[in-house]
Each structure stands twice: as structure tokens, then as C-alpha cells.
Colleague: 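Just passing along the structure, written as C-alpha cells.
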Amino acid sequence: QVQLVESGGGLVQAGDSLRLSCTASGRTFVTLSMGWFRQAPGKERECVSAVSWNGGSTYYADSVKGRFAMSRDNAKNSVYLQMNNLQPEDTAVYFCAARYNVYRSTDSNSYDFWGQGTQVTVSA
């Protein structure tokens with residue numbers, strides 16, 4: 001079993017930055033690929049970014065390319081999402097997710113574990 005704990009959300013203004021963190025329990029982190037998803041009110045959950053087990057392959061949604069950067073530190077059982085130049089349309093609950101597969105995925109149904117979510121609100 002893997003437990004994921006997210007932190008770093010908050011209320012910011014357009015153009016500001018935030019850094020989300022997600023730390024996983026257990027000693028199998030290196031066998032997991034990880035993803036960041038978000039869900040805004042009335043919208044479906046979408047994959048913002050995903051990374052392979054060693055960080056060698058990373059995916060970004062078109063809407064965040066050039067603004068967001070995902071990284072992982074296997075020594076700390078953690079992944080991060082650096083979000084720059086935040087816009088009101090980035091407002092959502094952000095979830096960290098993990099799956100027992102070394103390859104990254106954008107399919108939320110393929111993930112085995114989810115964090116509780118952290119709210120990110122961007123005012124205009």
C-alpha cells in the first residue's frame with residue numbers, strides 16, 4: 001500500500017508561482033510512475049503532468065507547457081510540481097497519483113493510489 005500526502009496549494013494572484021509537493025510512504029517508490037492531475041468544478045479530472053520512474057520521461061498537458069515543471073526525487077520519495085505564471089484557469093483541486101508501472105501515463109484509470117488533493121486558487 002502507498003499513501004500520498006500533498007502540500008503546497010493556496011490562493012495566489014495571476015502571474016504568481018506555487019510549488020506542489022507529494023510524498024509517498026513505503027519503500028517501493030522507485031517502482032512507481034507518478035502523475036499530477038487536476039479537477040475544476042464541473043469539469044473532468046485531467047492529467048497535468050506525468051513522469052516515469054526515473055524522471056527520464058515527462059508529459060505535460062498543452063495548457064501548462066512552458067509554465068509547469070514536474071520533477072521527482074527518489075531519495076526523498078517525492079514528486080514536485082513547480083507552477084509558474086499561474087492563471088485563473090489553473091484553479092482546481094490538484095491530485096498526486098501513483099501507479100505500479102515504471103512508464104508514465106495520462107490515464108487516470110491506470111493509477112493505483114491517490115492523494116487527498118490540494119486546492120489551488122488563482123485570482124485575476
Side-chain angles (χ1 to χ4, degrees):
Q1 194 75 359
V2 175
Q3 290 186 322
L4 304 173
V5 178
E6 301 128 334
S7 61
L11 171 63
V12 297
Q13 294 185 332
D16 286 349
S17 298
L18 280 174
R19 188 190 193 212
L20 305 183
S21 298
C22 172
T23 300
S25 65
R27 292 175 286 181
T28 61
F29 189 72
V30 293
T31 67
L32 304 172
S33 58
M34 304 293 294
W36 283 102
F37 291 76
R38 68 185 180 187
Q39 188 164 22
K43 294 188 177 181
E44 292 187 355
R45 189 171 296 190
E46 64 169 338
C47 181
V48 174
S49 184
V51 69
S52 59
W53 72 280
N54 63 352
S57 177
T58 309
Y59 161 87
Y60 295 102
D62 286 343
S63 57
V64 307
K65 277 182 184 176
R67 300 188 299 123
F68 290 12
M70 184 175 184
S71 60
R72 66 185 294 160
D73 185 339
N74 287 348
K76 296 183 178 179
N77 281 14
S78 295
V79 292
Y80 309 96
L81 186 67
Q82 177 66 43
M83 304 185 295
N84 298 325
N85 190 22
L86 283 160
Q87 299 300 313
E89 53 265 34
D90 296 316
T91 295
V93 178
Y94 284 69
F95 298 90
C96 173
R99 69 191 210 121
Y100 278 129
N101 190 303
V102 296
Y103 298 107
R104 58 171 174 81
S105 172
T106 61
D107 180 4
S108 62
N109 293 319
S110 72
Y111 283 81
D112 301 299
F113 307 100
W114 292 84
Q116 80 285 359
T118 184
Q119 177 71 46
V120 172
T121 303
V122 185
S123 62

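What's counted below: heavy atoms across the whole structure, side chains too, no hydrogens, waters or symmetry copies.
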Colleague: So, E6 side chain and G117 main chain: donor-acceptor pair closer than 3.5 Å or not?
Modeller: yes
Colleague: Quick check on side-chain contact (heavy atoms from CB on, under 4.5 Å): which of Y60, Y80, Y59 does M70 satisfy it with?
Modeller: Y60
Colleague: When you look at CD of Q13, are more than 12 heavy atoms from neighbouring residues, nucleotides or ligands closer to it than 6.0 Å?
Modeller: no
Colleague: Between D16 and Q87, is there a side-chain heavy-atom distance shorter than 4.5 Å?
Modeller: no
Colleague: Between A98 and L4, which heavy-atom pair has the shortest distance, and what is it?
Modeller: N-CD1, 3.8 Å
Colleague: Quick check on the hydrophobic clustering: are Y100 and V51 connected, directly or via other members, by side-chain heavy-atom contacts under 4.5 Å?
Modeller: yes
Colleague: Walk me through it: do Q116 and C96 pass the test side chain to side chain contact (heavy atoms under 4.5 Å, CB included)?
Modeller: CA-CA 8 Å; Q116 80 285 359; C96 173; over 6 Å; no
Colleague: Would you find a donor on one side and an acceptor on the other, under 3.5 Å apart, between the side chain of Y111 and the backbone of S105?
Modeller: yes
Colleague: Is there a side-chain contact between L18 and V120 in this structure, where contact means two heavy atoms from C-beta onward sitting under 4.5 Å apart?
Modeller: yes
Colleague: Any idea which heavy atoms bring V2 and F113 closest together, and the distance?
Modeller: O-CD2, 3.4 Å
Colleague: Pick from D107, L32, D112: which one makes a side-chain contact (heavy atoms from CB on, under 4.5 Å) with R99?
Modeller: D112
Colleague: Would you check if V5 and C22 make a side-chain contact, meaning some heavy-atom pair closer than 4.5 Å?
Modeller: no
Colleague: Would you give the length of the straight line joining atom OG1 of T28 to atom CD of Q1, rounded to the nearest 0.5 angstrom?
Modeller: 10.0 Å
Colleague: Does a donor on one side chain and an acceptor on the other come within less than 3.5 Å for D73 and S71?
Modeller: no
Colleague: Are any of the side-chain heavy atoms of M34 and R104 separated by less than 4.5 Å?
Modeller: no
Colleague: I'd like to know if the side chain of S25 and the backbone of Q3 have a donor-acceptor N/O pair within less than 3.5 Å.
Modeller: yes
Colleague: Are N77 and T23 close enough, and set up right, to give a side chain to side chain donor-acceptor pair (under 3.5 Å), and what steps lead you there?
Modeller: CA-CA 6 Å; N77 281 14; T23 300; over 6 Å; no
Colleague: Looking at W53, is its backbone amide N or carbonyl O close enough to the side chain of N74 to form a donor-acceptor pair, meaning the two atoms are under 3.5 Å apart?
Modeller: yes
Colleague: Is the ring centre of W114 less than 6.0 Å from the ring centre of F37?
Modeller: yes
Colleague: Taking the six-membered ring of F95, is NZ or CZ of R45 closer than 6.0 Å to its centre and within 45° of its axis?
Modeller: yes
Colleague: Please determine whether side chain to side chain contact (heavy atoms under 4.5 Å, CB included) holds for the pair S49 and T58, giving the CA-CA distance in whole Å, both sets of side-chain angles, and the decisive distance to 0.1 Å.
Modeller: CA-CA 7 Å; S49 184; T58 309; 3.9 Å; yes
Colleague: Check whether any side-chain heavy atom of V79 lies under 4.5 Å from a side-chain heavy atom of F29, and answer yes or no.
Modeller: yes
Colleague: Taking the side chain as C-beta and beyond, is there a heavy-atom pair between L86 and F68 under 4.5 Å?
Modeller: yes
Colleague: So, the side chain of R67 versus the backbone of N85: is there a donor-acceptor pair under 3.5 Å, distance only?
Modeller: yes
Colleague: So, taking the atom named CD in Q82 and the one named CG in L20, what distance separates them when rounded to the nearest 0.5 Å?
Modeller: 9.0 Å
Colleague: Answer yes or no: is there a side-chain heavy-atom contact under 4.5 Å between Y94 and M83?
Modeller: yes
Colleague: Quick one: does T91's side chain have a donor or acceptor within less than 3.5 Å of a partner on V122's backbone?
Modeller: yes
Colleague: Verify the distance criterion only: is there a donor paired with an acceptor across the side chains of T121 and Q119 at less than 3.5 Å?
Modeller: yes
Colleague: Which pair of non-hydrogen atoms, one from A124 and one from A14, has the smallest distance, and what is that distance?
Modeller: CA-CB, 4.4 Å
Colleague: Let me check something: do V93 and V64 share a hydrophobic cluster, defined by ILVMFWY side-chain heavy atoms less than 4.5 Å apart, either directly or through other members?
Modeller: no
Colleague: Is the side chain of S78 donor-acceptor paired with the backbone N or O of K76 at a distance under 3.5 Å, no angle test?
Modeller: yes
Colleague: Just by distance, do the side chain of S33 and the backbone of Y103 share a donor-acceptor pair under 3.5 Å?
Modeller: yes
Colleague: Does S110 reach the side chain of N101, with side-chain heavy atoms less than 4.5 Å apart?
Modeller: no
